[in-house]
2 protein chains.
Amino acid sequence: MLKISDFAQLSRVSPKALRLYDRMGLLKPIKVDSQSNYRYYSATQLPRLNRILVFKELGFSLEEIGCLLNENISLAEIRGMLRLKQSEIQQRLLDDQSRLIRVEMRLQELEQEKSMSNYEVILKPIKSQLVAATLGIIPNFDDCGPILESLFDQVYTYAFGNGLKEVGCGINIYHETTLRDKDIPVEAVVPIPHKIPTSDRIWIYKLPEVETVACVVHHGSFASLGNAYCTLLEWVGKHGYQISGSTREVYLQYERNGDPSQYVTEVQIPVEKAA
Amino acid sequence: MLKISDFAQLSRVSPKALRLYDRMGLLKPIKVDSQSNYRYYSATQLPRLNRILVFKELGFSLEEIGCLLNENISLAEIRGMLRLKQSEIQQRLLDDQSRLIRVEMRLQELEQEKSMSNYEVILKPIKSQLVAATLGIIPNFDDCGPILESLFDQVYTYAFGNGLKEVGCGINIYHETTLRDKDIPVEAVVPIPHKIPTSDRIWIYKLPEVETVACVVHHGSFASLGNAYCTLLEWVGKHGYQISGSTREVYLQYERNGDPSQYVTEVQIPVEKAA
DNA sequence: TCAACACTTTGCCCTAAGGGGAGAGTCAAG
DNA sequence: CTTGACTCTCCCCTTAGGGCAAAGTGTTGA
């Protein structure tokens, strides 16, 4: 018959924790004085408490331990819970390994560049979306503005002309992955909420989903968009990915003849883990 | 000017999280309508939000991210926080690796033995304690009871005779680590709360602390204490430890001529990581 | 036998990062 | 004008207890 603090000292578990285990049914005192509600424990309860502690160290929650200590639990169930916990821990290990590598890469960058990059590369999935699209060719990058505007004009005009009120923001898709600085084919697409007829210049289709794109958000004039590409391409290589699809530019904020410093563009490159 | 759910969709961060980031000062909307309290965001805030997300994936708490995003933080401080996080992750990795191994060992045991062991081995430190002690020799294990009782009688009698009211429970220390089944020297010690004089048979000293003991709690007659030793020794070997000191038996619950099924004994073996 | 002190009880609030929901106010379209 | 979709704030919930407060209990010294 030990008082709670004696038992706590014996087991090196705080009285608070012992009360919690009592309330959760993991370890009931051998006796509770009905008048004072004092809890009384016995040294014979140490094996059970130690079992609780061991399972806790193995990463089980108190609720799970409640199941594990239940008298009528089969060995198969125990095995199942252990295997489940095993895969949980393995997953956390993998996550932490990747996290660790990314932290270390940031430290390296910091040492080399003496400043933090302006861009954060993030990975995300892109959902399939219905779009209206047209094709064009950019003779050279220095003068792509008017051509792109004209392409999007065509798509927007067509979409509004077919009764649409609200459309998504413009997206450029560069289907050519080889580097070329002249006569670049480009597809100008605009997400639309529902189907409209196709024309000879504008076609409607469902842009397939992309499992993973690496992307950066560029804030400012298109003139400095090259930095975004540099960051993105370097990141893809360094982190063990490879390009697996057509690059897109999403014009999240853009106004014709507006202030270029207010433009916001997201550059997306579909990627997959390099073999 | 995007409403919260538009911005949420754009960034794939829930409105709930955006409100939290607002409240924590991580990402304030560009405008809050003073009458309706509606939050309005701009696509220009995506880079900052992405930075938040990246740091979150690296394992930083929102509070830490608040520091990291603070304008007037030096590169040295950022480096410091990264290094701190790095060591945190490394520690968690090590913990999880050891956890994983222990879970796998339990699974193996389960496969082999078709039942769960009765003992849980736990590691703990033992604090230094003041004790009264005497030495004896056990001719053979089969008949150790009376001799041990006599040894403890001497110590208890001496302690009470010197005015002590409360003493700890008896501990046997087997200083001999070599296996011997006859004439085993044993030290019977009893923790005492403060100094008393030494005699020729009973001496008082401070039992040094032990950094780590592996221990099991045995519940029942001493006759089956061998099982506890088996479990413990097997565990020590399997888990990559080696014995680094004298084994102890702590008689947590014992009553002369009492019911042996109520005895509780803790067997402790000092261990250290094997090289 | 009483006062003092150590101990125990329950209950409440706190943690991190939101999720879920209620009740009330707001916005845009028909 | 109404309706439905959004948004706001506020409250409770999650883990495994820690900290504290008020009230009750046990032991000990005088």
Side-chain angles (χ1 to χ4, degrees), chain A residues 1-41 49 52-69 85 88 92 95 163-166 193-194, chain B residues 1-41 49 52-69 85 88 92 95 163-166 193-194:
Chain A
M1 294 279 279
L2 303 159
K3 282 202 195 175
I4 196 165
S5 64
D6 299 328
F7 191 60
Q9 200 173 351
L10 200 59
S11 60
R12 294 173 343 288
V13 171
S14 72
K16 201 88 186 204
L18 289 175
R19 291 191 193 103
L20 182 64
Y21 299 163
D22 177 7
R23 226 179 41 213
M24 298 196 64
L26 299 186
L27 187 77
K28 294 281 181 195
I30 51 165
K31 185 194 150 194
V32 177
D33 187 291
S34 60
Q35 186 223 340
S36 68
N37 282 338
Y38 275 29
R39 292 169 177 83
Y40 292 95
Y41 292 86
L49 181 52
I52 293 173
L53 296 181
V54 166
F55 280 127
K56 210 153 70 73
E57 278 172 25
L58 290 182
F60 287 94
S61 72
L62 296 188
E63 195 180 348
E64 290 166 328
I65 295 172
C67 296
L68 284 167
L69 292 187
K85 190 56 66 179
E88 267 181 47
R92 210 174 38 235
D95 289 351
L164 292 181
K165 297 291 179 197
E166 242 189 290
H194 60 80
Chain B
M1 294 279 280
L2 303 160
K3 283 202 193 175
I4 197 166
S5 63
D6 300 328
F7 192 60
Q9 199 174 353
L10 200 60
S11 61
R12 294 174 342 289
V13 171
S14 73
K16 204 86 186 206
L18 288 174
R19 291 192 193 102
L20 181 64
Y21 298 165
D22 176 8
R23 226 181 39 216
M24 298 197 63
L26 298 186
L27 187 76
K28 293 282 180 196
I30 53 166
K31 184 194 153 195
V32 177
D33 186 291
S34 59
Q35 187 223 339
S36 69
N37 281 338
Y38 274 29
R39 291 170 179 82
Y40 293 96
Y41 292 86
L49 181 53
I52 293 173
L53 296 181
V54 166
F55 281 127
K56 210 153 71 72
E57 278 171 26
L58 290 181
F60 287 95
S61 71
L62 296 187
E63 194 179 349
E64 289 167 329
I65 295 172
C67 296
L68 284 166
L69 292 186
K85 191 56 64 181
E88 268 179 47
R92 209 172 40 232
D95 289 351
L164 293 181
K165 298 288 180 200
E166 241 189 290
H194 61 79

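The analysis underlying the following values was restricted to heavy atoms, covering all of them including side chains, and did not include hydrogens, waters or symmetry mates. Lettering follows sequence order; numbering is per chain, from 1.
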**OP:** Please name the pair of heavy atoms, one in M1(A) and one in K31(A), separated by the smallest distance, quoted to 0.1 Å.
**Re:** CE-CD, 3.7 Å

Original post:
Can you name the closest pair of heavy atoms from P29(B) and V32(B) and give their distance?
Top reply: CG-CG2, 4.0 Å

Original post:
Once you round to the nearest 0.5 Å, how far does CD1 of I30(A) lie from CG of L2(A)?
Top reply: 7.5 Å

Original post:
Which residue lies toward the 5' end of DNA chain D, Y40(A) or S36(B), if each is placed at its nearest nucleotide?
Top reply: S36(B)

**OP:** Whole angstrom is fine here: how far is it from CD in Q35(B) over to P in dT9(D)?
**Re:** 14 Å

Original post:
To the nearest 10 degrees, how far apart in direction are the end axes of the helix from dT1(C)-dA30(D) to dG30(C)-dC1(D), each fit to five base pairs?
Top reply: 30°

Original post:
Are any of S14(A)'s side-chain N or O atoms less than 4.0 Å away from OP1 or OP2 of dG17(D)?
Top reply: no

Original post:
If you round to the nearest 0.5 Å, how far is OH of Y40(B) from CD1 of I4(B)?
Top reply: 11.0 Å

List the atom pairs, donor and acceptor, that lie under 3.5 Å between side-chain atoms in residues 12-23 of chain A and the rest of the protein, sequence neighbours left out.
| unit_1 | atom_1 | unit_2 | atom_2 | d |
| --- | --- | --- | --- | --- |
| S14(A) | OG | A17(A) | N | 3.1 |
| D22(A) | OD1 | K28(A) | NZ | 3.2 |
| D22(A) | OD2 | R39(A) | NE | 2.8 |

**OP:** Please name all residues satisfying salt bridge (charged side-chain N to carboxylate O under 4.0 Å, His left out) with K85(B), sequence neighbours left out, ordered by chain then number.
**Re:** E64(B), E88(B)

Original post:
Which sits closer to the 5' end of DNA chain D, D33(A) or L18(A), going by the nucleotide each is nearest to?
Top reply: L18(A)

Original post:
So how far is it from L10(A) CG to D6(A) CG, rounded to the nearest 0.5 Å?
Top reply: 8.5 Å

**OP:** Describe, in one word, how the ring planes of Y41(B) and F7(B) are oriented to each other, choosing from parallel (under 30°), tilted (30 to 60°) and perpendicular (over 60°).
**Re:** parallel

Original post:
Can you tell me how far the CG atom of L58(B) sits from the CD1 atom of I65(B), to the nearest 0.5 Å?
Top reply: 8.5 Å

Subject >> Non-hydrogen atoms of G66(A) and L26(A) that approach each other most closely >> reply: CA-CD2, 3.3 Å

Pick out the pairs of N or O atoms, protein on one side and nucleotides 4-7 of chain D on the other, that lie under 3.5 Å.
| unit_1 | atom_1 | unit_2 | atom_2 | d |
| --- | --- | --- | --- | --- |
| dC6(D) | O2 | Y38(B) | OH | 3.3 |
| dT7(D) | OP1 | S5(B) | N | 3.0 |
| dT7(D) | OP1 | S5(B) | OG | 2.7 |
| dT7(D) | OP2 | S5(B) | OG | 3.1 |

Original post:
How would you give the extent of chain A contacts on DNA chain C, as first and last nucleotide 5' to 3' within a 4.0 Å heavy-atom cut-off?
Top reply: dC7(C) to dG11(C)

Find every protein N or O atom lying less than 3.5 Å from an N or O atom of nucleotides 10-16 of chain D, and list the pairs.
| unit_1 | atom_1 | unit_2 | atom_2 | d |
| --- | --- | --- | --- | --- |
| dA16(D) | OP2 | L62(A) | N | 3.4 |

